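In this text, all values refer to a predicted model and were calculated from it rather than measured experimentally. Naming convention: chains lettered A, B, ... in sequence-line order (proteins, then strands); numbering from 1 in each chain. Only heavy atoms go into these numbers, but all of them, side chains included; no hydrogens, no water, no symmetry mates.
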There are 2 protein chains.
Amino acid sequence: MTYTYQQLRQFILNVCNSMGCSDEHANITADVLMAAELRNISSHGVSRLKDYVNLWQSKRINTKPEIKIIHETLSTALIDGDAALGMIAGESAMQLAIQKAQNVGTGWVAVRNSNHFSIAGYYAMMALKYDMIGICMTNANPLVAPTFSIDRLLGTNPIAVAIPAGKYPPFVADFATTPIARGKLDIMHKKGMQAPEGYVQDKTGKWSDDPNILTQGGAIVPLGGDYLHGSHKGYCLGAIVDIFSAIFSGANFGPFVPPSVAFLPVLENTEGIGTGHFLGAMRIDAFQKADEFTQQMDKWIETFKNAKAIEGQAKVIIPGEPEREWEQIRMRDGIPVLDKVVMDLHQIAIDLKIDKL
Amino acid sequence: MTYTYQQLRQFILNVCNSMGCSDEHANITADVLMAAELRNISSHGVSRLKDYVNLWQSKRINTKPEIKIIHETLSTALIDGDAALGMIAGESAMQLAIQKAQNVGTGWVAVRNSNHFSIAGYYAMMALKYDMIGICMTNANPLVAPTFSIDRLLGTNPIAVAIPAGKYPPFVADFATTPIARGKLDIMHKKGMQAPEGYVQDKTGKWSDDPNILTQGGAIVPLGGDYLHGSHKGYCLGAIVDIFSAIFSGANFGPFVPPSVAFLPVLENTEGIGTGHFLGAMRIDAFQKADEFTQQMDKWIETFKNAKAIEGQAKVIIPGEPEREWEQIRMRDGIPVLDKVVMDLHQIAIDLKIDKL
């Protein structure tokens with residue numbers, strides 16, 4: 001089924017209000033999830049509502065959070081998300097990082113006691129309108145085995161970096177530190193496709209072509225694939241995201257990150273509080289004159305856009321370009337939602353006694 | 001040939017003094033290059049002296065630099081390296097980042113008008129003794145083609161992150177944002193080996209097994225290898241390093257980064273001044289109580305050290321472990337230097353009229 005932006009957004013607002021969110025928090029949640037839908041990252045859009053509602057019902061998400069600053073310096077803060085929806089904790093953390101950057105050039109905020117926050121890129125992009133670079137990372141459910149291991153110790157731990165330009169749209173990178181995101185494996189499984197070598201390993205550590213192998217003790221490998229091709233570098237990246245998100249903040253690290261679905265129980269031995277994020281904002285004029293920065297950034301973008309393509313291949317992509325094209329297409333043509341997700345949303349409407357989508 | 005730590009270090013000091021470096025600058029240069037030798041990253045050790053001397057002779061390296069702060073805020077600075085040896089500009093930038101972190105929690109320094117600075121990890125590790133996380137990145141000669149392209153627009157652009165622990169040694173990641181460093185391709189070529197698929201492409205963008213293909217218009221690919229395996233993520237990482245190092249600072253970006261060897265001329269159309277770096281320091285107690293941070297970091301390290309290995313594979317590596325083992329071995333057994341490099345060093349001794357190694 002295909003829905004308009006307004007239809008889906010209103011449905012999210014209704015769900016949030018029904019869970020007891022304030023209007024402000026409902027709007028933030030809708031903004032983030034709709035950004036994911038528009039940018040064609042539907043694995044992080046309305047399909048997540050079912051999990052959020054279930055986690056709220058099992059009291060693992062608090063829709064009336066009091067987000068607190070635990071400790072701060074002029075350029076940093078540690079905040080406790082009070083088990084909020086990740087979108088609320090993430091948005092609040094980025095606002096604080098931006099405020100600190102306005103005062104002293106940069107701002108850095110570690111978050112504990114949070115939950116799944118949809119796309120990291122949303123929070124990084126919040127910094128753009130202040131002429132700042134935004135940075136955002138989060139740890140996530142353990143699905144990734146470090147190089148040489150069969151244990152799943154890391155999440156797909158994404159990193160997002162948004163950088164303002166001048167006449168061109170901003171550079172927006174937002175990527176998992178693995179060759180493939182979990183959502184894409186699910187789609188392959190549903191379509192009966194095989195996973196290419198270099199995505200997942202089975203429970204003994206051998207390559208598997210089964211995109212459903214995660215349900216049988218398998219693991220996603222780090223970016224790079226295997227040691228010969230630098231998977232230890234992908235493992236380093238995932239580890240850095242985990243340490244910044246959880247050790248700075250006192251959230252759970254690596255294998256202890258709580259599942260973002262209610263049907264999996266929270267581990268009995270936790271090593272911290274909830275899920276962790278790490279966010280930063282850097283004023284471009286804290287280093288360089290702002291107009292020189294944006295002019296050079298325009299030249300950077302032109303240089304890369306004009307690179308010679310391999311015969312038969314697409315042109316070099318400036319990070320963020322494809323997502324912006326999707327935003328236009330989906331605002332115009334509507335947003336497709338998988339039948340299975342539509343059924344989930346109908347069930348939510350029945351459970352919460354709200355209008356059906 | 002194998003030399004002791006002291007023999008090699010003294011030779012570096014003699015070369016630096018002969019080029020007109022102050023004792024302080026000679027010692028910093030020797031410390032960085034010897035850290036590379038001890039850590040088994042000999043591609044970034046004494047083998048670079050030949051290039052440094054040649055660049056000094058052609059007046060592209062200034063051994064009497066006045067490093068200037070061009071602009072600063074409480075948490076940031078832009079410095080101009082005055083064409084110094086990269087080691088001098090890098091060390092100076094990290095000292096400034098540490099000082100700012102002491103005052104306001106974090107410090108971030110962009111550097112322009114610098115040169116090749118050996119290993120990024122050295123500068124990141126400088127932060128450790130202050131109970132800070134150190135971060136360092138640099139752009140470099142363009143050898144890497146972005147995903148879908150045949151043009152070499154990025155360097156191997158390394159990222160280093162050093163994180164203090166408690167009873168365990170620190171976590172020290174230091175890696176190129178490509179599957180393979182250029183130095184390893186050179187070694188493959190010298191040994192008559194073929195490059196595995198996923199390292200380099202020829203001038204038309206097809207996989208090449210020739211480790212010498214860079215001399216024939218080929219390129220290294222980004223970490224991930226190809227688009228199917230996430231090379232666009234490796235391209236994003238390399239791009240972020242380039243933008244932070246050059247657009248923040250006013251150094252040359254991407255394809256304009258000057259060659260770090262004298263036999264290649266500087267481009268006529270430059271887009272900035274020299275090579276760029278970006279360094280950061282974050283006090284761990286700017287977020288979390290320092291002892292809680294180091295205790296949790298110890299648990300993190302234990303958890304990863306105890307991961308189940310794939311049968312027949314090494315155990316999971318904590319980033320920095322192999323390099324620390326090399327340091328012990330090489331302090332004890334001496335440091336091997338390739339015959340070709342020994343010949344270069346002898347020629348330097350003759351040219352500069354200093355004692356032979």
For chain A, which of [options] has the most heavy-atom pairs under 4.5 Å?
| options | result |
| --- | --- |
| B/Thr76, B/Leu74, B/Thr303 | B/Thr76 |
| B/Ile159, B/Asp242, B/Leu153, B/Leu154 | B/Leu153 |
| B/Ile240, B/Ile247, B/Ile318 | B/Ile247 |
| B/Glu271, B/Lys100, B/His232 | B/Glu271 |
| B/Lys233, B/Met297, B/Gln288, B/Gln296 | B/Lys233 |
| B/Gly312, B/Ala286, B/Gly205 | B/Ala286 |

Could you pull out the closest heavy-atom pair between [X] and [Y], with the gap in Å?
| X | Y | result |
| --- | --- | --- |
| B/Pro319 | A/Cys236 | CG-SG, 3.6 Å |
| B/Gly230 | A/Leu223 | O-CD1, 3.6 Å |
| B/Pro222 | B/Gly234 | CB-C, 3.7 Å |

[X] versus chain A, heavy atoms under 4.5 Å apart: side chain, backbone, both or neither?
| X | result |
| --- | --- |
| B/Glu292 | neither |
| B/Phe293 | both |
| B/Val161 | side chain |
| B/Lys206 | neither |
| B/Ala314 | both |
| B/Gln201 | side chain |
| B/Asp285 | backbone |
| B/Pro255 | side chain |
| B/Ile180 | backbone |
| B/Ala239 | both |
| B/Ile70 | neither |
| B/Ile133 | side chain |
| B/Ile135 | side chain |

Do A/Lys289 and A/Asp291 meet the salt-bridge criterion of a basic N to acidic O distance under 4.0 Å?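 Answer for the salt bridge query: no.
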Ion pair check, B/Asp151 and A/Lys308, cut-off under 4.0 Å: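 A salt bridge links B/Asp151 with A/Lys308.
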[options]: which one forms the most heavy-atom pairs within less than 4.5 Å of chain B?
| options | result |
| --- | --- |
| A/Thr294, A/Ile317, A/Thr204 | A/Ile317 |
| A/Gly250, A/Pro146, A/Ala101 | A/Pro146 |
| A/Asn103, A/Leu228, A/Thr177, A/Ile79 | A/Leu228 |
| A/Leu78, A/Ile284, A/Ile150 | A/Ile150 |
| A/Glu72, A/Lys315, A/Met282 | A/Met282 |
| A/Ala145, A/Ala176, A/Gly107 | A/Ala176 |

Answer with yes or no whether the side chains of A/Ser75 and B/Thr106 bring together a donor and an acceptor at under 3.5 Å.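 Yes, a side-chain donor-acceptor pair sits under 3.5 Å.
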With no hydrogens and no angle check, just 3.5 Å: does a side-chain donor-acceptor pair link B/Thr178 and B/Thr156?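 Looking only at side-chain atoms, B/Thr156 and B/Thr178 do not form any donor-acceptor pair under 3.5 Å.
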Can you check whether B/Val221 reaches B/Pro179 side chain to side chain, under 4.5 Å on heavy atoms?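 Answer yes - side chains close enough.
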Looking at side-chain heavy atoms only, is the closest gap between B/Leu279 and B/Cys136 below 4.5 Å?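 Counting from C-beta outward, B/Leu279 and B/Cys136 do come under 4.5 Å.
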What about A/Phe248 and A/Trp108, are their ring centers closer than 6.0 Å?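 Centroid distance A/Phe248-A/Trp108: not below 6.0 Å, so no.
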Are B/Phe304 and B/Phe171 an aromatic pair by the rule of ring centers under 6.0 Å?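 That pair fails the under 6.0 Å test.
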Consider side-chain hydrogen bond (donor to acceptor under 3.5 Å, both in side chains). Of A/Lys299, A/Lys305, A/Glu302, which one does A/Tyr168 pass it with?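 Going through A/Lys299, A/Lys305, A/Glu302 one by one, the side-chain hydrogen bond (donor to acceptor under 3.5 Å, both in side chains) with A/Tyr168 is satisfied by A/Glu302 alone.
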How long is the span from the OG atom in B/Ser249 to the NE2 atom in B/His71, to the nearest 0.5 Å?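 Those atoms lie 13.5 Å apart.
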Indicate the ring-plane relationship of B/His229 and A/Tyr199, choosing parallel, tilted or perpendicular according to the 30° and 60° boundaries.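 The rings of B/His229 and A/Tyr199 stand perpendicular, inter-plane angle above 60°.
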Got a sec: does the CZ of B/Arg152 have more than 12 other heavy atoms crowding it under 6.0 Å?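 Above 12, so yes.
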